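I have placed the structure first, in the form of structure tokens, so that the comments after it can refer back to it.
Every value quoted in this text rests on a predicted model; they were computed, and no experiment measured them. Proteins get letters first, then strands, A, B, ... in listed order; numbering begins at 1 in each.
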Number of protein chains: 4
Amino acid sequence: MPKVSKKYKEEKVAAILDASAHCFAEKGYNDTTVDDIAKASGTSKGSIYLYFSSKEEIFYRLNERRTEKFFEIKKQLVEQNSASAKFEYLFRHLLSGAIEKEDLNTIAVQFEFWIYISKNDKESLFDARVKMFTTLIKDIVEEGIETGEFRKDVNTDEFSKLFWSMMDGIVLHLLFHKNDSEHKRMVRLYERMVSTYLKIQP
Amino acid sequence: MPKVSKKYKEEKVAAILDASAHCFAEKGYNDTTVDDIAKASGTSKGSIYLYFSSKEEIFYRLNERRTEKFFEIKKQLVEQNSASAKFEYLFRHLLSGAIEKEDLNTIAVQFEFWIYISKNDKESLFDARVKMFTTLIKDIVEEGIETGEFRKDVNTDEFSKLFWSMMDGIVLHLLFHKNDSEHKRMVRLYERMVSTYLKIQP
Amino acid sequence: MPKVSKKYKEEKVAAILDASAHCFAEKGYNDTTVDDIAKASGTSKGSIYLYFSSKEEIFYRLNERRTEKFFEIKKQLVEQNSASAKFEYLFRHLLSGAIEKEDLNTIAVQFEFWIYISKNDKESLFDARVKMFTTLIKDIVEEGIETGEFRKDVNTDEFSKLFWSMMDGIVLHLLFHKNDSEHKRMVRLYERMVSTYLKIQP
Amino acid sequence: MPKVSKKYKEEKVAAILDASAHCFAEKGYNDTTVDDIAKASGTSKGSIYLYFSSKEEIFYRLNERRTEKFFEIKKQLVEQNSASAKFEYLFRHLLSGAIEKEDLNTIAVQFEFWIYISKNDKESLFDARVKMFTTLIKDIVEEGIETGEFRKDVNTDEFSKLFWSMMDGIVLHLLFHKNDSEHKRMVRLYERMVSTYLKIQP
DNA sequence: AATGAATGAGGTTTCATTCAT
DNA sequence: CATGAATGAAACCTCATTCAT
């Protein structure tokens, strides 16, 4: 019988992850000390290690959490009744998501994480992740081709990979100019480009 | 009158930068020690500090060097006699550049550097850099609009920023899949998308 | 009126001591954590501190228990009707005792304990212990001298101290070679040496 | 070309080992911190790691050094012209050696080291060490048997192992009673016992 | 009485930087 | 100019002990 409720534990974990995201975003993974996280999360250094086995694990879990959160979008996507509508919904989501401040912290960490695992990825975490993301796009594009919404000559594999590459690039630059409205304009322009490319020209 | 020739000093600096690029690419900025750089460059730890004031400065100079190197492309671009030809040349360069292994090392460092300065940039290094890059594209697009090669309704500011955002995204993903031929296909597809977007539809 | 029976408490203490002996033997005193002991004894970390004031106290009590257990031999020794018979019985006991696996664990801890108290012994625990052990031997030798079984010129004080020194050395080496049969041969040879030394040569 | 002479380096290593022996003897391996060693050796914590890769390595080297030092006795032993003379010399050495204070520190560490490797010995360091020591005795005893000095029925293997077991026991007890003169009497009595056992009774 | 979450001092080790040679 | 030994601050992580439940 556990001493504290499952809910309590989850909240604690969430608090530490939130604090970590905040610290990592501010100082970067390396320059953030476990002490920093402890202070930011309102617990003690020792407590951190009750919930995570290492600073690295926090890093991993943070990424996991964000990815999971993003994929909740799937439920909404299936409800859209055309490929175009799905793209529209996706872009609406990407635009809204980037604006929320709480998410913004995590974006910075996301990129550091990738750089990090590009050097330490033993379980090919990255490959799995890429597959998840590309599949999301590929399915929509294929649907669009079938329904006649999109051009037939699109290489769906390549396109869906490119889609996220470019989107990541846009988000990466957001980190630097830190200008929400500019970012939004970028994303909208990107949407237009994608649309121009996919759609059958009248 | 300096004791050693200017040439000698430049060679030494170059050797240290080369070694650093190699080490940073392999282990990342943080995990690379000054000892690593000393060993890789064939000098001593003490000597490093004769030519650079800190490990951080090496990081900065490395980025500078790479940017300078890239902008040598300007000389070639002016020789192309149309906006389309300039884009073509640029893409040819981007494709060739990514293939050279020596450059590939530096790409990884580039991103780490950006993440790094996104947290420590006091002199808004990033803004200056972005301006240089966007201007390069903006000039070409404007030329294309004037000559009637490209659509008139392109927002040149936004487009040129977006251009590099997306390109950076593509390069970023190269770091992870590490697959040259796939990367090339991405870049070519990207070229087609850009072209489709810019050009007047017949 | 205690809330739980004395018997319950004793069982709990015994369980913790057993578990500690096991853990200490496996990982050593320092590398054994209170968590290890808690897990091995089937209680909680908090409970340990209901029965012992510190990890160190467990160490002390463990030694006490073992010493007490050993001195139960006294009851058997008085029943032997000659000094030689007593020595014989003692050796038979030492041989049997070393073989029992449960005791073997405790031997390792014993030495660690001695090393430990050799640095921290404030109550001269060691002196008291040595006296108990030497007296056991001294009494037998004196009896043997009186009855004419042993040489008259034996310095009983020195001999009895030496007896345990050497015996401890033999047990110490058992810890390392971990070879029961070899250990037995050692002890038997030792018995012969002691016998050769004590007995009047015919 | 090394910056400092080989001699300098050796002295530094020796100083750290001396300081370690002192600290370990006083507080034990575990309770001695690297800070303690640094302070005692008059250097900085960081410097320790220039000469040793870990605290554990210091422990290992300390043992090595002492063993090497002891085996210098071999040169003297071969000059003794009978097995009895060799034993005599050995005991004279053991008696003198124990008295020197500088060695006394190292004795304490020796035992801790054994306990330590009995739990962590991956390269069976102990076996190698035992072989070296037993061979030393075995050779003398075999010589004595050949020359007719000693009894023919001695099991040389067992005897030489037992010899060191018992001797170690005596030294172990020295650690506790810390009484040099008593220790000497023990060793002399031990010598007599060994002699009584080995020699042909007239 | 029993639990196990919380604590924080303290352990080992690393490394950017300095400076005497 | 070149070197690499020396430094010591700080990092991550552990764990004996406490205490609210």
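When each of D:K27, D:K45, D:K55 is paired with D:D35, the salt bridge (charged side-chain N to carboxylate O under 4.0 Å, His left out) condition holds for D:K45 and for no other.
Between B:E56 and C:L50, the residue anchored nearer the 5' end of DNA chain E, judged by the nucleotide with its closest heavy atom, is C:L50. When each of D:S44 and B:S44 is assigned the nucleotide of DNA chain F with its nearest heavy atom, B:S44 is the one assigned upstream, toward the 5' end. Residues D:Y49 and A:K12 both approach DNA chain E. Their nearest nucleotides, taken by heavy-atom distance, put A:K12 toward the 5′ side.
Looking at residues two or more places apart in sequence or on another chain, you find a ring pair (Phe, Tyr, Trp, His ring centres under 6.0 Å) between B:F113 and B:F59, B:Y60.
Distances shorter than 4.0 Å separate some side-chain N or O of D:Y51 from OP1 or OP2 on F:dA6. Under 4.0 angstrom from either OP1 or OP2 of E:dA5 there lies no side-chain N or O belonging to A:S47. Remark: A:Y8 is in phosphate contact with E:dA6, judged by side-chain N or O atoms under 4.0 Å from OP1 or OP2.
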Return one dot-bracket line describing DNA chain E 5' to 3' (Watson-Crick or G-U wobble pairs, both distances under 3.5 Å; ( ) same strand, [ ] crossing, | another strand, . none).
.||||||||||||||||||||
Tabulate atom names and distances for all N/O pairs under 3.5 angstrom spanning the protein and nucleotides 9-11 of chain F.
unit_1, atom_1, unit_2, atom_2, d
F:dA10, N6, D:K45, NZ, 3.3

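For the residue pair B:E56 / B:Y29, no side-chain donor-acceptor distance below 3.5 Å is found, with atom types taken as modelled.
A donor-acceptor pair under 3.5 Å links the side-chain atoms of B:T32 to the main chain of B:C23, judged by distance alone.
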